[in-house]
Amino acid sequence: MIVTIDGPAGAGKSSAARALARRLGFHFLDTGAMYRAVVFMALEQGVELDDSDALERVAAGLDIELSDDAVLVDGRDVTRAIRTVAITSATRYAADHPNIRARLVELQRAAAEGQDFVTEGRDQGSIVFPDAECKIFLTASERVRAERRYHDLMARGETVTLEEVLEKQHERDERDATRPIGALIQAPDAVVLNTDGMSPDEVVDRLYEIVQQHK
Ligand code: C5P
């Protein structure tokens, strides 16, 4: 069974999707981590991010391994390194690149083939797994999403203000909505869950119920 969870930045998708997968006994695929990993490795290799051919070569040569709670690229653990504010902003170079998207989509489909998966991103229910048995669109208001991300970043020791987080989030929302390929689209058959005012545990409980209704 494939469960897709799509939605805007900061809706709490990653942690909710991971916890849901654990409860269901399914594998978990964090597709945003793949786009982040490409940009991280490109920067490590001194590639200019606006050199789209060079970026594509980096993506084509990478061995990305996603386990349920770690991201390994060419055998190196980049789980934390890909989550900085700088990588978050730069990831658009990979996410806006049609050939990189095509390669990552292929990897996502290959990973999930014949297995039970919770997969999380922007285009999972609409493009990558249009036949998924259960599609969820997870969202929250702009303010709530920014507050959650702000607290996450502070907990990780980054110095940011809530206003900066709001502004960056707004830019990402625009980009996610208007990307020519792989834009954030709510699949017509997705169940929408707005998590404003819900605790993380309540979100996972509700997601679990939704999945049970689609079995
Ligand atoms: O979800 P996360 O914040 O880790 O995603 C990182 C970036 O990758 C986002 O800015 C998003 O636009 C992009 N992305 C994407 N398609 C996906 C997952 C993420 O374009 N399936």
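Here the structure is a predicted model, which means the values were calculated and not measured. Both ligands and their constituent atoms are indexed starting at 1 by order of listing. The first residue in the sequence is number 1, and the count goes up from there.
Nearest protein heavy-atom contact of atom 19 (C) of ligand 1 is Gly32 CA, 3.5 Å. The protein heavy-atom contact nearest to atom 1 (O) of ligand 1 is Arg122 NH1, 3.0 Å. With respect to atom 15 (C) of ligand 1, the closest heavy atom belonging to the protein is Arg101 NH2, 3.5 Å. Of the protein's non-hydrogen atoms, the one nearest atom 18 (C) of ligand 1 is Thr31 OG1, 3.5 Å. Looking at atom 8 (O) of ligand 1, its nearest protein heavy atom turns out to be Thr91 CG2, 3.6 Å. Atom 9 (C) of ligand 1 has Arg172 NH1, 3.2 Å as its closest protein atom, hydrogens excluded (heavy atom only).
One finds no salt bridge joining Asp51 and Arg57 here, because no Lys/Arg side-chain nitrogen approaches an Asp/Glu carboxylate oxygen to under 4.0 Å. At a threshold of 4.0 Å, the pair Glu44-Arg76 counts as salt-bridged, since one of the basic side-chain nitrogens sits closer than that to a carboxylate oxygen.
Every atom of ligand 1 with a heavy atom of Gln124 under 4.0 Å away is listed here by number and element: 21 (N). The atoms of ligand 1 that sit less than 4.0 Å from any heavy atom of Asp176 are 11 (C), 12 (O). Residue contact check: Arg179 has heavy atoms under 4.0 Å from atoms 12 (O), 20 (O) of ligand 1. Set against the non-hydrogen atoms of Gly121, the atoms of ligand 1 under 4.0 Å away are 18 (C), 21 (N). Remark: ligand 1 atoms within the under-4.0 Å shell around heavy atoms of Arg83 are 4 (O). For ligand 1, the atoms closer than 4.0 angstrom to any heavy atom of Asp123 are 17 (C), 21 (N). Close contacts between ligand 1 and Ala95 involve ligand atoms 13 (C), 20 (O) [criterion: under 4.0 Å to a heavy atom].
His214 NE2: more than 12 foreign heavy atoms inside a 6.0 Å radius. In this structure, Glu48 places its CD atom where only 12 or fewer heavy-atom neighbours from other residues, nucleotides or ligands lie under 6.0 Å away. Within a 6.0 Å sphere centred on CD of Glu113, heavy atoms belonging to other residues, nucleotides or ligands number 12 at most.
Using a 4.0 Å heavy-atom cutoff, Met34 is absent from the residues neighbouring ligand 1.
The heavy atom nearest to atom 6 (C) of ligand 1, out of those in Arg92, Lys13, Arg36, is found in Arg36.
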